[in-house]
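Quick note: numbers below take in every heavy atom, side chains included, and nothing from hydrogens, waters or symmetry partners.
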Amino acid sequence: MKSVKILLLTVVAAILTSCGTTSTVPITGRKQSLMVSDEEVLSLSNQQYQEYMKTAKKSTNTTNTAMVQRVGQRLANAVVSYLNSNGLASEVSQYQWEFNLVQDNQVNAFCMPGGKIVVYEGLLPVSQDEASLAIVLGHEIAHAVAKHSAERLSNAYKQQYGMQILGAVASGVGVSNDMIQLGQIVASAGGQFFTAGFSRKQESEADHMGLVFAAMAGYNPQSAIPFWQRMSQASGGGSSSLLSDHPSDADRIQNLQGWMPEALKYYKPVATTTTTTTTRSTATTTTSNKKTTKKKTTKKKK
């Protein structure tokens with residue numbers, strides 16, 4: 001029985017590894033195996049994005065909408081410049097950037113493959129300023145640049161094909177139906193555990209890349225720490241479950257602190273905008289990433 005198991009695993013591994021392509025994730029240098037093409041992923045993501053935008057309500061707050069577009073475009077420019085400068089110019093044509101602020105109280109945002117970015121209004125009271133918003137959008141853009149959607153689709157295909165191949169090969173070598181069924185149940189449970197763990201890996205990678213992208217765009221990467229502290233308070237401390245698809249807030253902050261020296265090498269301060277969002281009004285003032293300068297107003301004596 002032991003030799004049969006080894007044979008099955010060897011055959012499945014050989015078939016799966018012979019499929020797909022290998023690529024390198026920018027900045028982190030991690031190798032990834034993809035079984036779906038960029039064209040397939042972009043086609044699916046564009047369909048999903050169009051369906052979402054049919055029902056989404058765009059924000060009526062012109063100030064905050066302009067801020068999202070401004071931050072998003074600066075990040076997009078930085079990412080395109082990075083890709084062009086690092087032998088990845090062929091990737092640039094995949095991006096048709098769009099930046100939307102929608103009426104939704106969720107504290108969230110996303111970037112579809114191809115550069116379609118959506119920010120929920122509920123995020124702004126937690127992000128509070130452009131630099132923190134850039135941390136979030138840098139993270140979301142990183143998912144697209146690192147082709148995490150293609151990677152997750154590839155994982156799903158590998159699990160599906162692996163179980164089908166395992167069943168076919170097992171039947172061919174005379175393994176009983178009960179053993180095949182048991183093996184598929186174990187494989188399914190293992191696949192779920194692997195997917196959850198792998199997703200945490202993707203989230204951490206997006207944190208790393210997003211921090212660097214924000215710095216490249218001229219936003220202070222050190223804003224990431226207080227932002228995630230505010231996020232932790234807003235979410236009640238985050239999830240520490242082994243099967244959670246996100247790192248705990250404590251782990252996330254610790255990792256960001258470790259990547260900070262790298263991100264700071266790319267950081268060149270530029271003027272940004274601080275936005276404070278309340279339930280009734282939004283006030284905007286111009287500041288710099290390092291300090292705020294207040295002008296005193298004096299009245300002329302009559």
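With hydrogens and angles ignored, the 3.5 Å screen pairs a side-chain donor or acceptor of Q202 with a backbone N or O of H148. A donor-acceptor pair is defined here as one N or O able to donate and one able to accept, closer than 3.5 Å; such a pair exists between the side chain of S93 and the backbone of S90. Here the side chain of S45 pairs a donor or acceptor atom with the backbone of L42 at under 3.5 angstrom. Looking only at distances, no side-chain donor or acceptor of N100 sits under 3.5 Å from a matching main-chain atom of V102.
The side chain to side chain donor-acceptor pair (under 3.5 Å) check on Q229 picks up nothing, with sequence neighbours excluded. Residues satisfying the side-chain contact (heavy atoms from CB on, under 4.5 Å) criterion with N86, sequence neighbours excluded, are Y82. For V25, the side-chain contact (heavy atoms from CB on, under 4.5 Å) criterion is met by T28, R30, Q32, A146, E205, M209, not counting sequence neighbours. Under the rule for a side chain to side chain donor-acceptor pair (under 3.5 Å), the partners of E262 that lie at least two apart in sequence or sit in another chain are H208. Under the side chain to side chain donor-acceptor pair (under 3.5 Å) criterion, K31 pairs with T24, not counting sequence neighbours. For the side-chain contact (heavy atoms from CB on, under 4.5 Å) test, residues two or more places apart in sequence or in another chain that qualify with T65 are S59, Q69, L101. Shown here are the side chain to side chain donor-acceptor pair (under 3.5 Å) partners of N77, two or more places apart in sequence or in another chain: Q73. Scanning for side-chain contact (heavy atoms from CB on, under 4.5 Å) contacts around V41 gives V36, P113, S149, A150, L153, with sequence neighbours left out.
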Should R230 and S132 be marked as a side-chain hydrogen bond (donor to acceptor under 3.5 Å, both in side chains) after you check the CA-CA gap, both sets of side-chain angles, and the distance that decides it?
CA-CA 10 Å; R230 294 194 299 271; S132 296; 3.1 Å; yes
Going through the distances and angles, do S248 and D251 end up as a side-chain hydrogen bond (donor to acceptor under 3.5 Å, both in side chains)?
CA-CA 5 Å; S248 69; D251 288 344; 3.2 Å; yes
Stepwise side-chain hydrogen bond (donor to acceptor under 3.5 Å, both in side chains) test for S81 and N84
CA-CA 5 Å; S81 178; N84 283 329; over 6 Å; no
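Residue pairs meeting the ring pair (Phe, Tyr, Trp, His ring centres under 6.0 Å) criterion with at least one partner in residues 32-69, sequence neighbours excluded, are Y52-F110. Within the structure, salt bridge (charged side-chain N to carboxylate O under 4.0 Å, His left out) pairs that include any residue of residues 97-108 do not occur (at least two apart or interchain). Evaluation of the salt bridge (charged side-chain N to carboxylate O under 4.0 Å, His left out) test over residues 32-50, restricted to residues two or more places apart or in two chains, returns D38-K147. Applying the salt bridge (charged side-chain N to carboxylate O under 4.0 Å, His left out) test to pairs two or more places apart or on separate chains, those with a residue in residues 42-63 are E51-K54.
Linking ILVMFWY side-chain heavy atoms closer than 4.5 Å, directly or via other members, places Y266 and L137 in a single hydrophobic cluster. Hydrophobic clustering of Ile, Leu, Val, Met, Phe, Trp and Tyr side chains at less than 4.5 Å, counting indirect connections, keeps L44 apart from M53. In terms of hydrophobic clustering, with Ile, Leu, Val, Met, Phe, Trp and Tyr side chains grouped at heavy-atom distances under 4.5 Å, M112 and L34 are assigned to different clusters.
Of the listed residues (L264, L256, I27, N255), just one forms a side-chain contact (heavy atoms from CB on, under 4.5 Å) with L211, and that residue is L256.
Here CE of M260 is found 11.5 Å from OH of Y267. Values are rounded to the nearest 0.5 Å. With values rounded to the nearest 0.5 angstrom, L124 atom CG is found 8.0 Å from N61 atom CG. With rounding to the nearest 0.5 Å, the separation of CD1 in I117 from CZ in F99 is 5.0 Å. Distance check: C111 SG to I141 CD1 gives 5.5 Å after rounding to the nearest 0.5 Å. Put simply, OG1 on T60 and CD on E121 are 6.5 Å apart, with the number rounded to the nearest 0.5 Å. A distance of 9.5 Å separates CG of N64 from CZ of R70, quoted to the nearest 0.5 Å.
Residues L123 and L133 meet the side-chain proximity criterion, which asks for heavy atoms closer than 4.5 Å. Side-chain atoms of V79 and V145, non-hydrogen and from C-beta on, do get closer than 4.5 Å to each other.
Taking each heavy atom of V136 and F227 in turn, the nearest pair found is CG2-CZ, 3.2 Å. The shortest non-hydrogen separation linking S154 to S33 is CB-O, 3.9 Å.
Relative ring orientation between H139 and H143 is described as perpendicular, the plane-to-plane angle rising above 60° on a 0-90° scale split at 30° and 60°.
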